[in-house]
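See below for the structure under consideration.
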Amino acid sequence: MLVGENRLPQSFYEAYDTRTLAQKLLGCELVHNSPDGITSGTIVETEAYLQDDPACHAYQKRTPRTEPMYAAPGTIYVYLIYGMYQCVNVVSNRVDCGEAVLIRALQPTEGIEIMQIRRELSRKKTLGKVSKPIPLKELCRGPGKLVQAMGIERSVHNSQSLVDSNLFITPPLSGNPFEIEISKRIGLTQGADFLYRYSLKNNPFVSR
DNA sequence: ACCCTGATGCTCT
DNA sequence: GAGCATCAGGGTG
């Protein structure tokens, strides 16, 4: 942990219910102080996953995969999706509750070159192709993309805490107010009608 | 712009 | 064995 680092403390993650936290996280910075260097981005899109929600991984069952979701708020839950992508969540609410906030998009702030390299490397690995340079807007626009760009790894970060790992969140850089848009979540088969998606209105880095 | 598809592997039934 | 909180590429309009 760096001296003078202003990461959000445990009390922040404990202070709100899941849907409120999903909104409070908007405008905050997600930071990875990795061996490659620092990368960070403003959180511009989140989704809430609640206990009574069939889309929630911890819905009506507790399994080994979702165990981190039952840990303290502020715990990092990373899971593999479609065999080749990962998504990152902030565990919310209370211990043993099983709720979380999915981070869906970032507006890149620091380490943009590193993000580009990581994304192109990931693409090459999964597609076996060399691809064209990835535009700034596409670096972190989507949950799988931002995990690649930020260098987040399930094997490293899953079940760690944002309070004391090299992955953490800091408060908004500017105190400027912003408008939050509420909409239906994306890409779900179950629970598709819940209005649990939050984004910064008119921000071009929001997915879709 | 939209629509469709394939890639790929873990998790739970 | 089915399902999956995705992404990229290629087709069509």
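As a basis for the values below, the full set of heavy atoms in this structure was taken, side chains included, without hydrogen atoms, waters or symmetry mates. Lettering of chains follows the sequences in order, A, B, ..., and the numbering in each one begins at 1.
The residue A:R119 sits close only to the backbone: its heavy atoms come under 4.0 Å of sugar-phosphate atoms, none of a base. Within 4.0 Å of A:R154, counting heavy atoms only, lie sugar-phosphate atoms of the nucleic acid but no base atom. Among the heavy atoms of the strands lying under 4.0 Å from A:G144 are primed sugar atoms or P, OP1, OP2 only; no base atom is included. Across all strands shown, A:R104 has heavy atoms under 4.0 Å from sugar-phosphate atoms exclusively, and none from any base.
Comparing A:R123 and A:T189 by the nucleotide of DNA chain C that holds the closest heavy atom to each, the one mapping nearer the 5' end is A:T189. Where A:L188 and A:E138 each meet DNA chain C at their nearest nucleotide, the meeting point lying more 5' is that of A:L188.
Stacking between A:Y49 and C:dA5 is shown: the ring centroid lies under 5.5 Å from the centre of the six-membered base ring, and the planes differ by under 30°.
Figure legend: cation-pi geometry between A:R7 and A:F168, with NZ or CZ positioned under 6.0 Å from the six-membered ring centre and within 45° of its axis.
Atoms CG (A:L102) and C1' (C:dA5) sit 6 Å apart, rounded to a whole Å. The distance between atom OH of A:Y82 and atom P of B:dC4, rounded to the nearest whole Å, is 16 Å. The CD1 atom of A:I134 sits 12 Å away from the P atom of C:dC7 (whole-angstrom rounding). For the pair A:K125 NZ and C:dT6 P, the computed distance is 21 Å after rounding to whole Å. Regarding A:L80, its CG atom lies at a distance of 18 Å from the P atom of C:dG3, rounded to whole Å. For the pair A:Q190 CD and C:dA5 C1', the interatomic distance rounds to 12 Å; values are reported in whole Å. Note: CD (A:Q148) to P (C:dT6) measures 13 Å, nearest angstrom.
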- Can you check side-chain contact (heavy atoms from CB on, under 4.5 Å) on A:I103 and A:I43, steps first, answer last? CA-CA 7 Å; A:I103 313 285; A:I43 299 171; 4.0 Å; yes
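A salt bridge links A:K201 with A:E179: at least one charged nitrogen is closer than 4.0 Å to a carboxylate oxygen. Between A:E47 and A:R104 a salt bridge is recorded (basic side-chain N to carboxylate O distance below 4.0 Å).
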